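Have a look at the structure below before the remarks.
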Amino acid sequence: MIKRTLEELKSYNAPGHFQMTAMRIHGKEETGARKFWMGLSTFLPGGGAEYAYEDNPLEKVYYVLEGEMTVTDKTGTRYVIHQNESISFQPNEGRYLVNESNRPASMLVIINYPE
């Protein structure tokens, strides 16, 4: 077992993301997790992630802890994910992500490692 606390997490640069802080909670380097990693992302108002194209073979789950995030798929369909709600992405499913509210938003990000 490995316990992690918020105080020991370190931020990292998440490519394609803006006005946000990303911190890895569990993963290969942090805790030896081999199948997936989990992070905490905090987005300022207007913060988000550029469109991620369909060439990413990884599954993802976003779980909003505070605030709300708007996710747009390749067809332009928008999903507003509120506190205690989640959204999942199949491999090769693109998305655009933005905090359209006037409050910061925090969410857990869970992504599998490629085999």
Side-chain angles (χ1 to χ4, degrees):
M1 266 184 255
I2 299 174
K3 177 185 175 185
R4 302 273 291 163
T5 65
L6 184 64
E7 290 73 29
E8 65 189 293
L9 304 183
K10 293 180 177 36
S11 62
Y12 67 94
N13 180 26
H17 291 65
F18 50 93
Q19 296 179 12
M20 62 88 69
T21 300
M23 295 185 287
R24 188 86 43 106
I25 301 170
H26 293 280
K28 289 179 183 177
E29 294 177 17
E30 296 78 17
T31 61
R34 295 184 304 258
K35 304 264 184 198
F36 68 93
W37 65 266
M38 183 171 74
L40 174 63
S41 295
T42 303
F43 295 88
L44 294 174
E50 298 169 359
Y51 187 78
Y53 294 93
E54 295 86 12
D55 59 356
N56 186 328
L58 307 177
E59 291 180 277
K60 298 176 207 60
V61 175
Y62 296 163
Y63 183 89
V64 175
L65 298 168
E66 291 184 60
E68 62 183 49
M69 294 297 294
T70 301
V71 180
T72 306
D73 68 15
K74 67 180 178 182
T75 68
T77 302
R78 296 164 41 95
Y79 305 87
V80 179
I81 312 305
H82 301 94
Q83 183 176 5
N84 297 321
E85 295 179 344
S86 65
I87 189 166
S88 63
F89 305 91
Q90 296 301 309
N92 303 310
E93 188 171 25
R95 60 91 186 105
Y96 173 75
L97 179 68
V98 67
N99 177 0
E100 295 180 335
S101 77
N102 286 331
R103 298 179 185 268
S106 295
M107 67 181 192
L108 289 177
V109 176
I110 304 160
I111 300 179
N112 72 298
Y113 282 117
E115 292 186 22

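Both backbone and side-chain heavy atoms feed into the values below; hydrogens, waters and symmetry mates do not. Everything numeric in this text was worked out from a predicted model, so none of it was measured.
- Residues Leu97 and Met69 have side chains in contact (heavy-atom distance under 4.5 Å, counting atoms from C-beta outward).
- Every side-chain hydrogen bond (donor to acceptor under 3.5 Å, both in side chains) that Glu8 has, sequence neighbours left out, goes to Thr5.
- Closest approach of Glu93 to Ser88, counting heavy atoms only: OE1-O, 4.1 Å.
- Here side chain to side chain donor-acceptor pair (under 3.5 Å) pairs that include residues 18-33, with residues two or more places apart or in two chains, are His26-Thr31.
- Partners of Asn112 according to the side-chain hydrogen bond (donor to acceptor under 3.5 Å, both in side chains) rule, which considers only residues two or more places apart in sequence or in another chain, do not exist here.
- Between Glu68 and Gln83, the closest side-chain pair of non-hydrogen atoms is not below 4.5 Å.
- The shortest side-chain heavy-atom distance between Pro57 and Asn92 falls under the 4.5 Å cut-off.
- Ser101 is linked by a side-chain hydrogen bond (donor to acceptor under 3.5 Å, both in side chains) to Asn99, counting only residues two or more places apart in sequence or in another chain.
- The number of heavy atoms from other shown groups lying within 6.0 Å of CG (Asn102) does not exceed 12.
- Listed by first then second residue, pairs satisfying ring pair (Phe, Tyr, Trp, His ring centres under 6.0 Å) with a partner in residues 88-111 read Tyr62-Phe89, not counting sequence neighbours.
- Sorted by first then second residue, the salt bridge (Lys or Arg N to Asp or Glu O under 4.0 Å) pairs that include residues 33-50, not counting sequence neighbours, number zero.
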Please tabulate, for side-chain N and O atoms in residues 11-18, each donor-acceptor pair with protein atoms closer than 3.5 Å (sequence neighbours left out).
| residue | atom | partner | partner atom | Å |
| --- | --- | --- | --- | --- |
| His17 | ND1 | Ala14 | O | 3.4 |
| His17 | ND1 | Pro15 | O | 3.0 |

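- Residues satisfying the salt bridge (charged side-chain N to carboxylate O under 4.0 Å, His left out) test with Glu100, not counting sequence neighbours, are Arg78.
- Remark: Arg4 CZ is packed, more than 12 non-hydrogen atoms of other residues, nucleotides or ligands lying under 6.0 Å away.
- Cluster partners of Leu40, using a side-chain heavy-atom cutoff of under 4.5 Å among ILVMFWY residues and allowing indirect links, are Leu6, Leu9, Met23, Ile25, Phe36, Met38, Val61, Tyr63, Leu65, Leu108, Ile110.
- Between Val98 and Gly46, the closest heavy-atom pair is CG2-O, 3.9 Å.
- Between Arg95 and Val71, the shortest heavy-atom distance links the atoms CB-CG1, 4.0 Å.
- Hydrophobic cluster membership differs between Val80 and Ile87, with clusters built from Ile, Leu, Val, Met, Phe, Trp and Tyr side chains linked at under 4.5 angstrom.
- Minimum heavy-atom separation, Gly48 to Met20: O-CG, 4.4 Å.
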